[in-house]
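We count ligands from 1, going down the list as the structure has it; atoms in each ligand are counted the same way.
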Amino acid sequence: MLILGIETSCDDTCAAVVQAQSATDPNLTALSNVIASQDHLHQKFGGVVPEIACRRHVESLQPTIREALSRAECDLSRIDAIAVTNRPGLIGALIVGVSAAKAMALALGKPLLGVHHMESHIWANFLAEPALQFPFVCLIVSGGHTDLFLCRKPGDYEILARTVDDAAGECFDKCARALGLGWPGGPAVDRLARDGDASKVRFPRARVGDSLNFSFSGLKTAVLRYIESRPAGVADADIAASLQDAIVSVLVAHTLRAARACSVGWIAVGGGVAANSLLQSRFRQAASQDGLSLAIPRPRLCTDNAAMVAAAASYRALAGDFDNLELDARATDALAPVRTLQRI
Ligand code: KG4
Ligand code: ZN
């Protein structure tokens, strides 16, 4: 089965073609994964401007879909289903993708599937690691979310912990701005931190009561204050390395504790912050120490893309569980119920 994926929930216009084998063994392969970045349009505003994002999606989506089909050496007639991110996200941005997907489904007589953005980040792991098995614990960490999921089976997820204030990506972005690193800040902090000494500053690692929930607003404030009155001898690179260390240490520690509490054999990660180089190496180290198997998508599959959208739609598509043309875009939507996991 060939699935065309479309993703326009934020500021990247994305299209991809993914091949899925069968319901029992999906064996997902991305035949193409095209991302038209809008970073250059939003950079001078220091964040995503929704109006600009929507207008650009309108201009870029058709060429991006054509490019995805061409790189997959596949024409539209061979596509078996169209999958589109329909929730949550910037409403105007989502509507561009959903309208295009519905128009194509209607005109071509192809089945349609609406996909939750967070579920698609979870499924990027099946493209990265075909051996990944349910159940697993998955950390999704992006500009808007820091959520730890217990993934029991396709479509059955539970939130074990989440941020009570800022997302980790937001913390990276705000601190990067204070360091004059521009937007998006995460990749810039990642690069700068390579030349820094993380032991120069000890930024706080917050605990949220007895739970595995995350909190990054205190860390953000501590970094901003530190930058205002920094002592001599501490370079921007040292601050970047210390900030990165504080964020990554907490993310890795909570994910490992959740995996132990849930007795799973696999952990997985996703979302833009999961592209962070220190996060990737610390997860590899921690998983091997704990005897856990790890799925970790390469950076291009961590940040927003459409291959993960098609992948997340695959189990429904293979089961023939499609949406109809009443599919709507929704700005907010909870993927899963929340169970507060106590610290162990
Ligand atoms: O998943 P994503 O592409 O979009 C959302 O759904 O939010 O995540 C974007 C976030 C931004 O906050 C960006 O700064 C962060 O991911 N990010 C990184 C890195 N690459 C992207 N943070 C740390 N290190 C990176 N290498
Ligand atoms: Zn995302």
Give me the residue, atom name and distance of the protein heavy atom closest to atom 22 (N) of ligand 1.
Gly186 CA, 3.3 Å
Indicate yes or no: does Arg55 engage Glu59 in a salt bridge with an N to O separation below 4.0 Å.
no
His121 neighbourhood, listing ligand 1 atoms whose heavy-atom distance to it stays under 4.0 Å:
1 (O)
Honestly, for Asp173 the part within reach of ligand 1 (heavy atoms, under 4.0 Å) is side chain
Heteroatom count (protein N, O or S) under 2.8 Å of the Zn ion (ligand 2):
3
Could a heavy atom of Cys10 be found less than 4.0 Å from some atom of ligand 1?
no
What I want to know is whether Phe172 and ligand 1 share at least one N or O pair that is separated by under 3.5 angstrom.
no
Might you point out which heavy atoms bring Leu69 and Leu4 nearest each other, and give the distance in Å?
CD2-CD1, 4.5 Å
Closest approach of any protein heavy atom to atom 24 (N) of ligand 1, naming residue and atom:
Asn276 ND2, 3.1 Å
Once you restrict to heavy atoms under 4.0 Å, what part of His145 touches ligand 1? Side chain, backbone, both or neither.
neither
Looking at Ala178 and Leu224, what are the two nearest heavy atoms and their distance?
CB-CD2, 3.3 Å
Starting from atom 9 (C) of ligand 1, which protein heavy atom do you reach first, and at what distance in Å?
Gly143 N, 3.8 Å
Run the numbers for me: atoms of ligand 1, each under 4.0 Å from some heavy atom of His117, listed by number.
6 (O)
In short, Pro88 meets Asp333 closest at the heavy-atom pair CB-N, 3.9 Å
Under 4.0 Å between a side-chain nitrogen and a carboxylate oxygen: does that hold for Asp236 and Arg230?
yes
Salt bridge (Lys or Arg N to Asp or Glu O under 4.0 Å), that's the test. Do Arg191 and Asp195 meet it? Break it down for me.
CA-CA 8 Å; Arg191 279 190 300 275; Asp195 303 322; over 6 Å; no
Note: Leu325 and Leu112 closest approach over all heavy atoms is CD2-CD2, 4.2 Å
Under a 4.0 Å N-O cut-off, is there an ion pair linking Arg316 with Asp323?
yes
Provide the closest heavy-atom pair for Ala307 versus Ala16 in the form atom of the first, atom of the second, distance.
N-CB, 3.3 Å
Please identify which atoms of ligand 1 are closer than 4.0 Å to at least one heavy atom of Gly169.
12 (O)
Does the distance from a Lys or Arg side-chain N to an Asp or Glu carboxylate O, for Arg205 and Asp245, drop under 4.0 Å?
yes
Could you report the tightest heavy-atom contact between Ser77 and Lys110, atom names first, then the distance?
O-NZ, 2.9 Å
Please tabulate, one pair per line, all N/O donor-acceptor pairs under 3.5 Å involving side-chain atoms of residues 138-151, not counting sequence neighbours.
from	atom 1	to	atom 2	distance (Å)
Ser142	OG	Gly144	N	3.4
Ser142	OG	His145	N	3.3
Thr146	OG1	Ala168	N	2.9

Counting heavy atoms under 4.0 Å, the part of Asp190 that contacts ligand 1 is side chain
Got the closest protein heavy atom to atom 20 (N) of ligand 1, with its distance?
Gly272 O, 3.4 Å
What protein heavy atom lies closest to atom 3 (O) of ligand 1? Include the residue and the distance to one decimal.
Asp304 N, 3.3 Å
So if I count the atoms of ligand 1 from 1 in the order they appear, which ones are less than 4.0 Å from some heavy atom of Ala275?
26 (N)
Thr303 heavy atoms, cut-off 4.0 Å: which ligand 1 atoms fall inside?
3 (O)
Geometric class of the Trp123/Phe134 ring pair [parallel <30°, tilted 30-60°, perpendicular >60°]
tilted
Working note: Asp190 + Phe172, criterion side chain to side chain contact (heavy atoms under 4.5 Å, CB included); need CA distance, chi angles, decisive distance, verdict.
CA-CA 9 Å; Asp190 193 346; Phe172 267 115; over 6 Å; no
Atoms of ligand 1 close to Gly144 [distance to a heavy atom under 4.0 angstrom, numbered from 1]:
7 (O)
